[in-house]
Each structure stands twice: as C-alpha cells, then as structure tokens.
Amino acid sequence: MTFRSPRATLALLFFLAASLAVNARFAAAQAAQGDTLPVVTKIEPPNWWVGLTPDLMVLVSGHALQATKVVCNLPDVVVARSQATRNGDYLFVWLKFGPQMRSGTVVCRATTPTGEASFELPVAARQPTAQRFHGLSSDDVIYLIMPDRFANGDLTNDEPAEFPGSHERTKPRAWHGGDLKGIRDHVSYLKDLGVTALWLTPVVKNGATQDYHGYGAVDLYAVDPHMGSLEDYKGLASDLRKQRMKLFFDAVPNHVGPNHPWVAKPPLPDWFHGSAEKHLDSYSAVKGSFYGKGKAAEAAIANDPFDVLADPHAVEAMTRNLTEGWFFGILPDLNTENPMVAKYLLQNSIWWIESAGLDGLRLDTVPYVSRGFWQQWHAGLRRIYPNLSTIGEVFHPDPTVTSFFVGGKKGWDGIDTGVSTLFDFPLFFALRGVLLRGAPAGSIANVLRQDELYPHPDWLVPFFANHDVPRMISEPDSSAEKLLSAFALIVTLRGIPELYYGDEIGMAGGADPDNRHDFSGGWPGDARDAFTKEGRSPEQERIFTAVQKLLKLRREHPALRTGKLFHLFSDNGSYVFLRQTDDQQLLIVFNNEKGQRILTIPQANTPARKAQRVTTLYGEAFVTSDGKELRITAPAQSVSIFSLY
Ligand SMILES: [Ca+2]
Ligand SMILES: [Ca+2]
C-alpha cells in the first residue's frame, strides 16, 4: 500500500532516464563511442556471491547490445545463453557457476555486429551466516519506521544534486531529510523502548519529488540518496545485529514507480501488465453489494476488495484487474507471471537479503501479485534462507479472506504462497472498531475464534496503526487511555506485535500524510527531543513509560509471548482472557466502558480453576480469587495484567 500522492510529470521521467548514472566500472571509451557501437550503462545485479546460487540472470542495459556471442573470463563462469531485446537496449545474460568458482571480478565480453562491449560482475565470498537470516520469533516486537520522518542524521544528503527541490520540511509530501544515519543514531532509544525488529518502509531509490515514502522505485538495486548509501544500510543492519535486533526490508514486487526507466523502455514487451498508454487499473470490478455488504457494514477505514480473490467461484472478470491492474491506476504493474520478471525479482530480493544479512521481508500488497509468483519466489528464497520470515500485507477485515494468502497451507487453487505470516488486519479493524466506534469488545474474541484458519496464528502480527491509517490518538472520540488500551492489547494477545513510530509518545496525525510527522528531536534544532526523557512532555513520558513497561512485561513473561490464549469473559463492554504456559498463568482484563466495571467470573471448568492468589503486574484494576471466583473491579477504559497462582 501507501501510494496516495499525485505523480510527477512524464517530463521528469525523461530527465531521470537521461541522467541515469553510468557505472564508473565501465570503460570511459565505451561511453564515448558512437550510437551504433555497443554501450553498457548498467548491470543488474551489480555484484553477486560465490556459492549462493548455481546460476544468475544478468540484465545489461545500454544500446546496440545485439550480441552474437558473450564470453566471460573465468573458467567456472559459463554463459549458458543470452538474449538481446528492444533493439539492443537490453541484453539478458544467463550465467552458470561451476563448483571451483572463487571470489573476484568476472569480466564478460559481448560481441555484436558493430563491435564489442564488456561488463564486470564482482563476486565475493559470503559473510559468515551464523548471526544472519534468523527470521521472526515470538520474542520479537516490530517497530515500523518511515526513514524520511524519523531522524535526520546527515544534513548533507537532504537534497541530493539529482533531486533539486525535493527537500522541504514544511511540506507534508516533500522529503524531510530523515535518513539511515538518523536511525543508526537512535538504535539505543529503540532498544531502551523494548522493540527488537525494525521494518523500514522502502529504502530503494525513488524518482519523484514526493516519493519520500519509498513506494515509487526507479532503481531496485540502489538505496535512495536522500536516505544514504548501501554502506549506511549495511551499517544499520550491523548495528542492529550487535544489539540482537533484526531488520526487515519492505519488498514491493507488485510494481515500480511511474518514473522507472522501464516504463518508457520495458526490457520485454510483456515486462509489465499493459503499458503506460494502455493498462487495467487495480480498482475493484465488484461492488460491496455483490456479497451482500450494505453501507452499514462499511468500516471507517476502507479495506481493499480482496474477497473475490479468495472466492473459488469468482470468474476472471471479477479478479483480473486486481492482480494485473496498475495500483491506483498509476503504478506500473510488473508481469510477475513472466519467468524472466520473476527471476529478476527473486534475485533482487536475494541481493538485499545477502547484502545486509536481513532477517526477513515485509511484503507489500500481497493479493495484487499472483499466488503462483509468491509460491515460486518463496521457494527460491528458502532454498538459501530456510529461516527467513516474510510478513504479508493483506488489507482486509475478514480472516476468511486474509488467511487465504498465508503460506503453510494450500488454497482452493492448490497453491501454497509460502508467506510466513500476515499483519493481523482483521484484529486491526476490530481494535479500531471497539476502541473508537462503539463496536462490542466481543469483536476481539470474534477475530480470535477464527485463528484455526491460519497454520500458525501465534506468528500473526497484531497492530493498531501503520503508515496508511490515521494515528489512533487523533481519531474522533479517541484518548490517551484508548491508545494505551490498544498498546496493552497488541502486546498481550497472541502473536508478534508491531508498533508504528511515534505512537509510543502519542504522536498526533490524521490521514496520510498527516500520520507521518517528523519524530520530535530527530532534527537538529527541534524545540524538544522526545528521544530523551528530558525532552518528553509529562503526557508523552506517561505514554512512553507505559509502553516500555508493557514490552518489559512481555520480555519477562513467556506466557505473553508463547502462552496459549483462553477466553474467560466477553461481552459488549469487556474482554477478559488468560495467557498461560505450563508454569505461568496471566490474566488480562480489558474494560472498554466509560465507567467502572465489576465482574465475577467462575473459575470452575476454566484453566484458572486452581488459582487462589492474584498479583498485579500492570494497570489499575483490582482482582481477588477465593479459588472459586475471580472478582474483578476494572476502571473505565483500561487494560490490566495479573499473575495467577
Ligand atoms: Ca538527511
Ligand atoms: Ca499485480
């Protein structure tokens, strides 16, 4: 998701294509030659590793590259075949690697009817893998950062020379200057808060003055210069590893940005679904009434219309625009069914994972990409990285729809997507509905009862906010107490919670881009530095301390991370549940009412039947037990956590 902004003009596209940097490795003489002589301007991937894959498809860009022969200088690098496309603007070269291959630089020479061109592919030994590629565990807590809006650690990259006019901190859709260095400078803040894994919105190079969000890629093999360099990204990953923290990359195989050079010059006629001139758009062909969903059922935050994709009875006319349409009618939709596109995208993901030693990927807009692609792509990744995790975005409130896209089971189409787990969007919609819009507290239990649809519900990622929805605290009828209830619930319900940057200090903001303000203190000269206790207002400090305490409780209590969840009580106003392991039993009391709630819950025939003592871990509720009944007094709008013995 996350494409809300109007795009720059086609003129900018041509400007960017023309200014594409020529790799310094290529002989200057080549660039100086005339139009008819073969010229190489770029190779993708730019480098590779020994023993990582048995082969590699290299995409060479340039012109007059109609090679009749391609040879490389190392005996253990064999050119299996090559294919020039688009009158020689591109040359695909398939390399096969032998078992004796060593690190070094592969130099390949392409002979064409008009001359010769060469390109280089550095191949390196892999870094030791022991501390890398771990994937998610139930001990993790994910923190989502938009790098442009978190902290500005390097003022020199705020407006790179090739993007004049892109930096203006007062404009909500311009680049604000945040970068990878800024995140590296605040790892200790994140560690101190208690999060263990960072998901950054895309760091790949984007092409428009409003692409601070990162979802408009123009080069899938480069870090955007506003954010720093590839070395900065690798440095961040390394800093995090030293703190036993993890890094997740935001992968977007569905589309590239409108300014990507491929849009004007696709490497293959069917590289995209359609073309800039003629394409489907991704809007639904099916109205809500199709499944009998009336106006009353519509949530305040609209979901994407994925019902039809999970429906075994749907016809292609109902689904094709979703998987092949251009997102928002604007973002060029990659033809992921083409094996060469699929190979390019798989290699690209491997390149990022291997470059930085990543632990996983967040998968953008999962349902908009064909399920067959996900199956193949995951199989390719897992051959190298068996423990790597992927977290899919399926923006829908219905578990029967979201669970269709998770891996570990086959859908009606016989496909297992391989997606490790999903953001728990149904729980997100339930939490917002309960806390903000008067939905029954029992809506939470109603989502949880459908956990059997997932192979691993304990891996789901509960959350109440991300970069695509208004800040919780700024929604109508919200409050700091509601925000804290939301935090307490995502930390105590099953799964691996995700927090959105700034919510831990109660940052305000409405719909995109108002939900993406700069973190106070991230910029030199900011009036307050909310990264420090001294810089936080009393209210910010109250929220921060509560979130920090909740995350500490989660760290200290295995029951909150891996324990089974049992419902004890649920109705319109309250939800009471247990988390327990063999030797630990925790009671969580959520009261959503505007007044105090008194509940008496019989212990017989529940896992709490043996409990006789209660101690408070968090919150202001009061609970006693006589071994027969739990007597609960819960304050208005609150979550409290207890240990039962
Ligand atoms: Ca900067
Ligand atoms: Ca698509």
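Read the numbers this way: they start at 1 and go in the same order the structure lists the ligands and their atoms.
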Using 3.0 Å as the cut-off, note every protein N, O or S atom close to the Ca ion (ligand 1). N152 OD1, D154 O, N157 OD1, D158 OD1, G177 O, D179 OD2
Could you tell me whether R244 atom CZ has more than 12 heavy atoms of other residues or ligands within 6.0 Å of it? no
Taking CG in N87 as the centre, count heavy atoms belonging to other residues, nucleotides or ligands within less than 6.0 Å. Is the count above 12? no
Using a strict cut-off of 3.0 Å, how many protein N/O/S atoms surround the Ca ion (ligand 2)? 5
Donor-acceptor check, side chain of K409 to backbone of S403, threshold 3.5 angstrom: yes or no? yes
Compute whether any side-chain donor of one residue and acceptor of the other, for Y233 and S355, lie under 3.5 angstrom apart. no
Side-chain donor-acceptor pair under 3.5 Å between D364 and N254, yes or no? no
Does the R382 side chain pair with the main chain of G418, one donor and one acceptor, at a distance under 3.5 Å? yes
Side chain to side chain, E44 and S61, heavy atoms closer than 4.5 Å: yes
Applying side chain to side chain contact (heavy atoms under 4.5 Å, CB included) between F395 and each of V366, D304, T365, T402, report the one that passes. D304
Indicate whether any N or O donor in one side chain lies under 3.5 Å from an N or O acceptor in the other, for N206 and H213. no
